[in-house]
Amino acid sequence: MNQVKRQTTRVVRILFMLFCLSFIWHCQREEPPRKIEILFLGHDDEHHNSEVYMPLLAAALTPKGINFNYTSDLNDLHTENLNKYDGLVLYANHDSIAPDQERALLNYIRSGKGFIPIHCASYCFRNSPEFVSLVGAQFESHGTDTFTARVANVEHPIMVG
């Protein structure tokens with residue numbers, strides 16, 4: 001019985017060593033991680049000027065492995081195109097969305113892909129209650145006004161110069 005136990009222990013050790021070697025070999029063969037691909041949906045409006053801001057964001061994040069592709073065309077919201085991307089940034093003022101585009105966008109988000117609505121995205125697709133619910137609110141209005149800033153701490157480093 002001791003001989004069977006020793007033999008079993010030896011087989012288990014050999015299997016464990018083979019597993020470890022296989023794991024190490026597999027880890028060494030791993031390709032480097034691929035870059036993250038992001039579709040940035042903006043608009044042609046100069047008010048928020050998303051086409052100007054996207055390159056600023058890309059300049060900061062591309063060196064960290066995040067690529068951006070800009071579009072302002074809602075026709076790019078279809079399943080085949082969206083599936084090329086890991087995430088979608090929405091910084092735009094598109095008032096409405098066509099039913100097929102809405103379906104593709106919502107399915108894309110439901111699939112677990114990234115969705116990053118920024119600032120004016122709460123104005124987008126007001127004809128889609130499900131989208132508005134997803135974003136969490138619907139933009140209502142804002143006005144303009146004048147205010148005077150009061151410096152609370154003139155010694156703070158941000159105030160230098």
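A search for salt bridge (Lys or Arg N to Asp or Glu O under 4.0 Å) contacts involving Glu37 returns nothing, not counting sequence neighbours. The salt bridge (Lys or Arg N to Asp or Glu O under 4.0 Å) test applied to Arg110 returns Glu130, not counting sequence neighbours.
Listed here is the closest heavy atom pair of Phe68 and Met54: CB-SD, 3.5 Å. Residues Pro63 and Ala58 come closest through the heavy atom pair CD-O, 4.0 Å. The minimum heavy-atom distance linking Val132 with Arg126 is given by the pair CG2-CA, 4.4 Å. The nearest pair of heavy atoms linking Leu77 to Ala104 is O-CB, 3.7 Å. A pairwise comparison of heavy atoms in Leu39 and Asn69 identifies CD1-O, 3.4 Å as the closest pair. In terms of heavy atoms, His78 sits closest to Asn75 at CD2-O, 3.1 Å.
Grouped by direct or indirect side-chain proximity (heavy atoms under 4.5 Å, Ile/Leu/Val/Met/Phe/Trp/Tyr only), Ile158 sits with Val151, Val154, Met159.
When each of Leu74, Leu105, Asp76 is paired with Leu41, the side-chain contact (heavy atoms from CB on, under 4.5 Å) condition holds for Leu74 and for no other.
With rounding to the nearest 0.5 Å, the separation of CD1 in Ile97 from CG in Asn127 is 7.5 Å. Interatomic distance, CG of Leu57 versus OG1 of Thr62, reported as 8.0 Å (0.5 Å rounding). Within the model, atoms CZ of Phe40 and CG of Leu90 stand 8.5 Å from one another, a figure rounded to the nearest 0.5 Å. Ile38 CD1 to Lys113 NZ: the interatomic distance, rounded to the nearest 0.5 Å, is 10.0 Å. Atom OH of Tyr91 and atom CD1 of Ile116 lie 15.0 Å apart (nearest 0.5 Å). Here CD of Gln101 is found 11.5 Å from CG of Leu106. Values are rounded to the nearest 0.5 Å.
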Practice problem: Show your working on salt bridge (Lys or Arg N to Asp or Glu O under 4.0 Å) between Arg34 and Asp86 and close with a plain yes or no. | Solution: CA-CA 11 Å; Arg34 68 174 181 78; Asp86 302 299; 2.6 Å; yes
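Here the side chains of Val89 and Phe115 are not in contact, with every heavy-atom distance at 4.5 Å or above.
A donor-acceptor contact closer than 3.5 angstrom is absent between the side chains of Asn83 and Tyr108.
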